[in-house]
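Report on the structure given below.
Below, read A as the first sequence line, B as the second, and so on, with proteins coming before strands; counting in each chain starts at 1.
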Number of protein chains: 2
Amino acid sequence: MNASLQTVSTPADRPLRADARRNRERILAAAQVEFARSGGDAQMDAIAAGAGVGVGTVYRHFPTKDALVAQLIRARFEQFVATAHAALEVEDPWEAFAGFMRANAQHCAQDVGTQFMFLQAGPELAPTLARETGLLDLSQQLIDRGQRAGVLRADFAADDIGMIMCGVASAMHHGSAHWDWQRHLGFVLDGLRARPA
Amino acid sequence: MNASLQTVSTPADRPLRADARRNRERILAAAQVEFARSGGDAQMDAIAAGAGVGVGTVYRHFPTKDALVAQLIRARFEQFVATAHAALEVEDPWEAFAGFMRANAQHCAQDVGTQFMFLQAGPELAPTLARETGLLDLSQQLIDRGQRAGVLRADFAADDIGMIMCGVASAMHHGSAHWDWQRHLGFVLDGLRARPA
DNA sequence: CTTGAAGATGAATGTCGGTTCCGTTTCTGC
DNA sequence: GCAGAAACGGAACCGACATTCATCTTCAAG
């Protein structure tokens, strides 16, 4: 499985029939639940069952499993975008940036499907989505603020965010007794803070 | 697949026949190559072919694919142990620690199989092996030195190392154009350095 | 050199899980 | 209401792999 970026035909090609729209939502919800439960390898049958729907219906909405995953990921990125907007409202430039990172990590922690995304999805999916959804720009703004204020190290770049989130996600994915992703993120954030000198 | 810790019957149960020992080595080598090439999902047939051997032979040496993977991982941990010993010889406490981390990451970078291990193997495998091989103790010594010298943050623990390596490995695993695991590790190491105040 | 045990072989087996297909059911515009 | 399009259902299909097994080969002790 290699979740490439299949543009799911969500665009209002034709206004979906009422029941179809309902099912579509159910499927996405069930997929999220199922991915969370199984830790990344949910089965189409299970997703269909969870949505109270036949497999065929799942395939009517998403031509392939990858397409379904891609849609989940896209939705998550839209959440990231919202978080970024919120962060830009925060006064303190460091807290704005750090809070953004923490909030995103928190979202990942609550949805194993997203961790799955960072760990298993095609390498280009995350960067591409970040660009397409505008997340990259927003992140850049947060970074610029931090760097202008001298609280964020100057050599940090927007592209690094994905890499770091990926690393943090992998820590939470394992959930080994001693592994605490919040510690991990804390270490990294401390590393990103500008050094006094 | 869930590489639990199957103690492969390497122990000199009975001195393997000469050709058998040779094949065993070939299989391990081929497995490493094959995992590296395929990015973590090597097939038994491919491994057998790479070793110039029939599949049955692979199964004669390793009862299951997991057992084979476990053996590869165990070997890698022995390499880590060697690195740790070398690091303990280094004068500067910070360089000893940081060099240890960098060297291990480097080893991972050269062998996708190891990245696979950190990312896919059962959550308990790494911690368990770290204990069994003595790596945990050695790491602790490196950490103690750093903390006594005041160059390593006081709240860092040996258990954190696996988590961090896991994160770094996940970054290199994707190898997205903009993702550079050395940057990632650099950020983290900066975060681990004791703050002046 | 013989011989039997250890080892090797690879086609065949079994399972798992994504995807397809077509008969049936449910909407919705008229 | 009705017709026809849209959607649904889920058994069946199919490829991909890990694993097995009956048979053949090679080593090494005596």
Side-chain angles (χ1 to χ4, degrees), chain A residues 1-4 6 8-28 30-31 34-35 37-72 116 120-122, chain B residues 1-4 6 8-28 30-31 34-35 37-72 116 120-122:
Chain A
M1 172 144 89
N2 189 349
S4 306
Q6 325 214 8
V8 179
S9 55
T10 326
D13 293 320
R14 276 141 222 290
L16 279 173
R17 228 169 71 177
D19 56 341
R21 192 187 325 279
R22 188 167 51 245
N23 278 336
R24 188 188 161 83
E25 292 314 313
R26 276 193 193 159
I27 290 167
L28 284 168
E34 210 51 44
F35 272 114
R37 162 152 56 216
S38 61
D41 31 352
Q43 281 145 252
M44 291 302 259
D45 284 355
I47 292 171
V53 139
V55 228
T57 302
V58 176
Y59 278 92
R60 160 160 288 271
H61 288 278
F62 304 95
T64 191
K65 190 178 181 180
D66 282 354
L68 173 55
V69 171
Q71 185 55 40
L72 286 176
F116 170 73
Q120 309 281 98
Chain B
M1 175 144 87
N2 189 348
S4 306
Q6 325 213 7
V8 179
S9 55
T10 326
D13 293 321
R14 279 142 219 292
L16 279 173
R17 228 170 68 178
D19 56 342
R21 190 184 329 277
R22 188 168 51 246
N23 279 336
R24 187 189 162 83
E25 293 313 312
R26 276 193 193 158
I27 289 166
L28 283 168
E34 209 52 43
F35 272 115
R37 162 153 54 215
S38 62
D41 31 354
Q43 283 145 250
M44 292 302 258
D45 285 352
I47 292 171
V53 140
V55 228
T57 303
V58 175
Y59 279 92
R60 161 162 289 273
H61 288 277
F62 304 95
T64 190
K65 189 177 180 179
D66 282 354
L68 173 54
V69 171
Q71 186 54 41
L72 286 176
F116 171 74
Q120 310 281 99

Could you measure the distance from the CZ atom of B/Arg60 to the CZ atom of B/Arg24? Nearest 0.5 Å is fine.
12.5 Å
Apply salt bridge (charged side-chain N to carboxylate O under 4.0 Å, His left out) to B/Arg21 and list each qualifying residue two or more places apart in sequence or on a separate chain.
none
For a quick check, with a 4.0 angstrom heavy-atom cut-off, what is the B/S/- contact string for nucleotides 21-30 of chain C, read 5' to 3'?
-----BSS--
Among C/dT20, D/dT19, C/dA8, the one nearest any side-chain atom of A/Val55 is C/dT20
Value in whole Å for how far the P atom of D/dC8 lies from CZ of A/Arg26
10 Å
Does B/Asn23 have a side-chain nitrogen or oxygen under 4.0 Å from the phosphate oxygens OP1 or OP2 of C/dA8?
yes
Within residues 41-50 of chain A, which residues have any heavy atom lying less than 4.0 Å from an atom of DNA chain C?
A/Ala42, A/Gln43, A/Met44
Answer yes or no: does a side-chain N or O of A/Thr57 lie under 4.0 Å from OP1 or OP2 of D/dA7?
no
Set of residues satisfying side chain to side chain contact (heavy atoms under 4.5 Å, CB included) with respect to A/Arg26, sequence neighbours excluded
A/Arg22, A/Asn23, A/Ala51
B/Arg24 atom CZ is separated from C/dA6 atom P, nearest whole Å, by 17 Å
Would you give the length of the straight line joining atom CD1 of A/Ile27 to atom CD of A/Gln71, rounded to the nearest 0.5 angstrom?
11.5 Å
Distance from A/Phe35 atom CZ to A/Leu68 atom CG, nearest 0.5 Å?
6.0 Å
OP1 or OP2 of C/dA8 less than 4.0 angstrom from a side-chain nitrogen or oxygen of B/His61, does that happen here?
yes
So, is B/Thr64 near the phosphate of D/dA18, with a side-chain N or O under 4.0 Å from OP1 or OP2?
no
In whole angstroms, the gap separating P of D/dA18 from CZ of B/Phe62 amounts to 15 Å
A/Lys65 side chain: which of D/dA18, D/dG9, C/dT19 is closest?
C/dT19
Donor-acceptor pairs under 3.5 angstrom involving side-chain atoms of residues 37-50 of chain B: please list them, not counting sequence neighbours.
residue, atom, partner, partner atom, Å
B/Arg37, NE, B/Glu34, OE2, 3.4
B/Arg37, NH2, B/Glu34, OE1, 3.1
B/Ser38, OG, B/Glu34, O, 2.8
B/Ser38, OG, B/Ala42, N, 3.2

Please assess A/Leu28 against A/Phe62 for the test side-chain contact (heavy atoms from CB on, under 4.5 Å), listing each intermediate value before the final yes or no.
CA-CA 10 Å; A/Leu28 284 168; A/Phe62 304 95; 3.8 Å; yes
Mind listing the closest non-hydrogen atom pair of B/Tyr59 and B/Thr64 along with its distance?
CE2-CA, 4.2 Å
From C/dT9, C/dT20, C/dA8, nucleotide with atom closest to B/Arg60 side chain:
C/dA8
